Amino acid sequence: MNGTGIEVRDLVAGWGPTVVLDGISLAVPPGGTLAVLGRNGAGKTTLLATIIGLTNHHRGTITLGGEPVDALPTHRRARLGLGYVPQEREIFRSLTVEENLAVAASPAGWTPTRVFGLFPALAERRRTTGNRLSGGEQQMLAIARALVGGPKVLLLDEPLEGLAPIVVDELAAAIARMTQEGTCAFILVEQHVELALPLTQHALVLERGQIAHSGPSAALLSDHATLDRLIGLRLAEG
């Protein structure tokens, strides 16, 4: 693959000796967007954790911009352009918003001004420590911290989970803006299928660690039978 996209081929990985992912292949071009969907326990979080280098990688390749990274430790993958926003957010709770951004900043990354333009709520809380932020503000900060690192591919693990509807709408709008700018590729794991699919170009559905469906996000969004069969989700007709 040319450019700075990501490609995974025949990936087999898991935790310890336990295999969770069995033969996963995917490709996201530079600036492309991919939704990874599936029931709980299907392997979605394990996929992102494997790409960033946190699991036991048994077989298969991961390339970033055509260069193999599957043998590299996590910190080297990050330096080469893999950004990761885990479910737990993992911000520095004793540091202010500005300090969290400064710790992760790279010359190639977003500036604080640009980040605050994307998340105005963070601008108002820039001198507030992480432990005093709301859940939604912590999620914004986790994404912002990844962006100032200058990712070529950004891995987002359920960024909308457990948040109030008004915050979900705000974060979804911010993610939509990022994807429209096309400054980096995205892989989005999300339970909110009705939000994830409009934000992405392509979608995978995982089932028991294997790919059960792959295709355009727009087509899957309108395929209620497939969504119900693979995810157990019934969307309203209309």
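Keep in mind the model is a prediction, meaning the values are calculated, not measured.
By the side-chain hydrogen bond (donor to acceptor under 3.5 Å, both in side chains) test, T226 pairs with D223, sequence neighbours left out. For the side chain to side chain contact (heavy atoms under 4.5 Å, CB included) test, residues two or more places apart in sequence or in another chain that qualify with Q180 are A176. For R77, the side-chain hydrogen bond (donor to acceptor under 3.5 Å, both in side chains) criterion is met by no residue, not counting sequence neighbours. Listed by chain and number, the residues in a side chain to side chain contact (heavy atoms under 4.5 Å, CB included) with R9 are E7, S25, T61 (sequence neighbours excluded). Considering only residues two or more places apart in sequence or on other chains, R79 meets the side-chain hydrogen bond (donor to acceptor under 3.5 Å, both in side chains) condition with none of them. Every residue was checked against the side-chain hydrogen bond (donor to acceptor under 3.5 Å, both in side chains) condition with N56, not counting sequence neighbours, and none meets it. Every side chain to side chain contact (heavy atoms under 4.5 Å, CB included) that E170 has, sequence neighbours left out, goes to A121, M140.
Residue pairs satisfying the salt bridge (charged side-chain N to carboxylate O under 4.0 Å, His left out) criterion with at least one member in residues 81-108, sequence neighbours excluded, are listed as follows: E98-R126. Residue pairs meeting the salt bridge (charged side-chain N to carboxylate O under 4.0 Å, His left out) criterion with at least one partner in residues 102-111, sequence neighbours excluded, are absent. Applying the salt bridge (charged side-chain N to carboxylate O under 4.0 Å, His left out) test to pairs two or more places apart or on separate chains, those with a residue in residues 129-142 are R125-E137. Within the structure, the salt bridge (charged side-chain N to carboxylate O under 4.0 Å, His left out) test picks out the following pairs touching residues 100-122 (sequence neighbours left out): R114-E181.
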Under 3.5 Å, which donor-acceptor pairs do the side chains of residues 159-169 form with other protein atoms, sequence neighbours left out?
none

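For the pairing with Q138, the side-chain contact (heavy atoms from CB on, under 4.5 Å) check across L133, V97, N131 returns one residue only, L133.
From I52, atom CD1 reaches atom CG of D157 across 12.0 Å, with rounding to the nearest 0.5 Å.
Inter-residue side-chain proximity for F186 and T200 is flagged as unmet; no heavy-atom pair is nearer than 4.5 Å. Annotation: side chain of L147 is in contact with side chain of L154 (closest heavy-atom distance under 4.5 Å). Considering only heavy atoms from C-beta on, L155 stays 4.5 Å or farther from V85 through its side chain. Within the 4.5 Å cutoff, no side-chain heavy atoms of L195 are placed close to those of E190. When side chains are defined from C-beta on, L188 does not count as touching T33, because their heavy atoms never get closer than 4.5 Å.
Here the side chain of D70 pairs a donor or acceptor atom with the backbone of I62 at under 3.5 angstrom.
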